[in-house]
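Model, not experiment: these values are computed from the prediction. As the structure lists them, so they are numbered: ligands from 1, and atoms in each ligand from 1.
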Amino acid sequence: MMFKIIFMILWLGNGLVRTPHKLRYKKTEKVKSNKTKREIILVLIVAVGMMLMPMMYIFTPWLDCFNMGLPDVVRWIGLAGFGFGLVLFWRVHRTLGRNWSPILEIRRNHELVTDGPYKYIRHPMYTQIWIWVICQWLILSNWIVGIVGVLAWTTLYVIRINDEEKMMAEEFGQKYEDYMKRTKRIIPGVY
Ligand code: SAH
């Protein structure tokens with residue numbers, strides 16, 4: 001019960017961090033959109049894994065038969081990671097600012113962001129979502145919630161990542177190529 005409540009608070013915290021960016025996103029003008037239909041479907045799949053499943057687990061007994069019974073210490077580690085993710089999410093959103101988009105888009109006066117967390121990795125927001133789905137699994141200690149979350153996110157990540165970098169390279173040319181040479185994707189110095 002306690003884990004569910006703390007998870008819920010942090011989960012709402014993420015929503016709160018995103019809300020102002022979502023509102024602004026609707027108002028900014030986009031000049032290019034890549035594979036829009038596919039991208040919307042991917043976002044919906046991720047919403048199942050990161051919103052629908054954990055909420056179903058918290059508010060209904062339907063998934064209780066898949067509980068894993070992880071030890072409390074593991075669930076606390078998950079909470080610590082999820083909390084760290086929330087801070088990272090806030091920081092990344094602040095840095096990316098109006099250039100953020102839930103799908104693959106270039107907006108009018110799009111700027112290439114390479115500072116803050118973007119100094120070390122090209123996709124810190126995706127790093128945060130990897131942390132999210134893994135920690136969600138640990139905190140809620142449930143097979144179905146865990147597997148659906150990780151699979152949903154893996155699907156989007158694998159299908160999108162190359163297209164996103166291709167789109168950025170087409171838009172920013174040498175500047176992005178150079179940026180790619182000095183940074184990794186999601187884990188500083190590793191990958
Ligand atoms: N992949 C990044 C951004 C996720 S949001 C991350 O994980 O932090 C996806 C949108 O961000 C893309 O449609 C693209 O328009 C934009 N984007 C990605 N990398 C960017 C960068 N370095 N600077 C500016 N915009 C970027």
Side-chain angles (χ1 to χ4, degrees), residues 10-11 13-51 81-136 149-191:
L10 295 175
W11 187 89
N14 277 293
L16 216 63
V17 166
R18 175 147 282 180
T19 303
H21 298 283
K22 244 192 192 148
L23 295 175
R24 187 182 41 193
Y25 166 73
K26 292 202 176 116
K27 288 190 223 137
T28 56
E29 190 188 340
K30 292 91 189 169
V31 290
K32 200 154 99 196
S33 186
N34 263 354
K35 305 198 159 77
T36 312
K37 259 194 209 136
R38 179 198 83 182
E39 287 292 312
I40 291 172
I41 292 169
L42 288 175
V43 169
L44 290 176
I45 291 173
V46 170
V48 169
M50 297 170 73
M51 294 181 182
F82 204 77
F84 170 77
L86 174 58
V87 177
L88 181 64
F89 195 48
W90 170 76
R91 188 75 180 75
V92 167
H93 253 311
R94 217 183 52 167
T95 312
L96 192 57
R98 55 181 288 287
N99 303 297
W100 172 74
S101 173
I103 56 177
L104 292 183
E105 284 171 329
I106 298 289
R107 65 212 55 253
R108 185 163 302 289
N109 303 321
H110 201 111
E111 281 166 57
L112 176 62
V113 175
T114 59
D115 55 353
Y118 288 88
K119 220 186 298 174
Y120 310 100
I121 41 177
R122 297 193 291 282
H123 305 288
M125 193 174 285
Y126 297 164
T127 304
Q128 186 268 345
I129 302 176
W130 280 112
I131 294 174
W132 173 314
V133 291
I134 292 165
C135 291
Q136 165 174 292
V150 168
L151 276 186
W153 173 245
T154 305
T155 306
L156 181 145
Y157 181 83
V158 169
I159 294 180
R160 176 187 285 182
I161 195 74
N162 289 322
D163 286 336
E164 178 165 340
E165 296 192 333
K166 214 173 100 202
M167 176 186 83
M168 295 303 287
E170 270 166 21
E171 188 64 24
F172 295 99
Q174 197 57 39
K175 245 167 89 185
Y176 196 76
E177 308 275 346
D178 291 344
Y179 176 53
M180 282 177 85
K181 282 193 195 118
R182 57 175 200 270
T183 50
K184 298 279 180 183
R185 275 179 168 166
I186 53 174
I187 307 172
V190 180
Y191 165 78

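With Arg107 contributing its side chain and Trp100 its backbone, the two residues share a donor-acceptor pair below 3.5 Å.
Remark: of the listed residues Phe82, Tyr191, Phe89, Tyr157, Tyr157 is the sole one forming a ring-ring contact (aromatic ring centres under 6.0 Å, His included) with Trp130.
Between His123 and ligand 1, at least one pair of N/O atoms sits closer than 3.5 Å. Taking any N or O of Ile103, backbone or side chain, at least one lies under 3.5 Å from an N or O belonging to ligand 1. Considering backbone and side-chain N/O of Ser101, none are found under 3.5 Å from N/O of ligand 1. Between Trp100 and ligand 1, a contact under 3.5 Å exists for no N or O pair. Between Glu105 and ligand 1, at least one pair of N/O atoms sits closer than 3.5 Å. Residue Tyr118 has at least one N or O atom closer than 3.5 Å to an N or O atom of ligand 1.
A donor atom on one side chain and an acceptor atom on the other are found under 3.5 Å apart for His21 and Arg24. When only modelled atom types and interatomic distance are considered, Glu105 and His110 share no side-chain donor-acceptor pair under 3.5 Å.
Near Leu96, the atoms of ligand 1 lying under 4.0 angstrom from a non-hydrogen atom of the residue are 3 (C), 24 (C), 25 (N), 26 (C). Atoms of ligand 1 lying under 4.0 Å from any heavy atom of Leu104, numbered from 1 in the order shown and given with element: 13 (O).
Residues Arg182 and Thr114 meet the side-chain proximity criterion, which asks for heavy atoms closer than 4.5 Å.
Assignment of Ile161 to the shell around ligand 1 is not supported, since no heavy atom sits closer than 4.0 Å. Taking a 4.0 Å cut-off on heavy atoms, Gln128 fails to register as neighbouring ligand 1. Assignment of Thr127 to the shell around ligand 1 is not supported, since no heavy atom sits closer than 4.0 Å.
The two atoms that bring Lys184 and Gly189 nearest to each other are CG-N, 3.6 Å, heavy atoms only. When all heavy atoms are compared, the tightest approach of Leu104 to Asp163 is CD1-CB, 3.8 Å. Looking at every heavy atom in both residues, Ile121 comes nearest to Pro188 through CG2-N, 3.5 Å. The two residues Gly49 and Gln136 come nearest to each other via the heavy atoms O-NE2, 3.0 Å. Of all heavy-atom pairs spanning Thr127 and Ile186, the tightest one is OG1-O, 2.8 Å.
Checking His21, Arg107, Met168 against atom 17 (N) of ligand 1, the nearest heavy atom belongs to Met168. Of the candidates Asn34, Val113, Thr114, Val113 brings a heavy atom nearest to atom 22 (N) of ligand 1. Compare Glu164, Glu39, Met125 by their heavy atoms: the one nearest to atom 1 (N) of ligand 1 is in Glu164.
Counting only heavy atoms of the protein, atom 25 (N) of ligand 1 lies nearest to His110 NE2, 2.9 Å. For atom 24 (C) of ligand 1, the closest non-hydrogen atom of the protein is Glu111 O, 3.0 Å. Asn99 O, 3.8 Å is the protein heavy atom nearest to atom 11 (O) of ligand 1.
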- Query: Do Tyr118 and Thr183 pass the side-chain contact (heavy atoms from CB on, under 4.5 Å) test, and can you show the C-alpha distance, the side-chain angles, and the key distance before you say yes or no?
  - Reply: CA-CA 8 Å; Tyr118 288 88; Thr183 50; over 6 Å; no
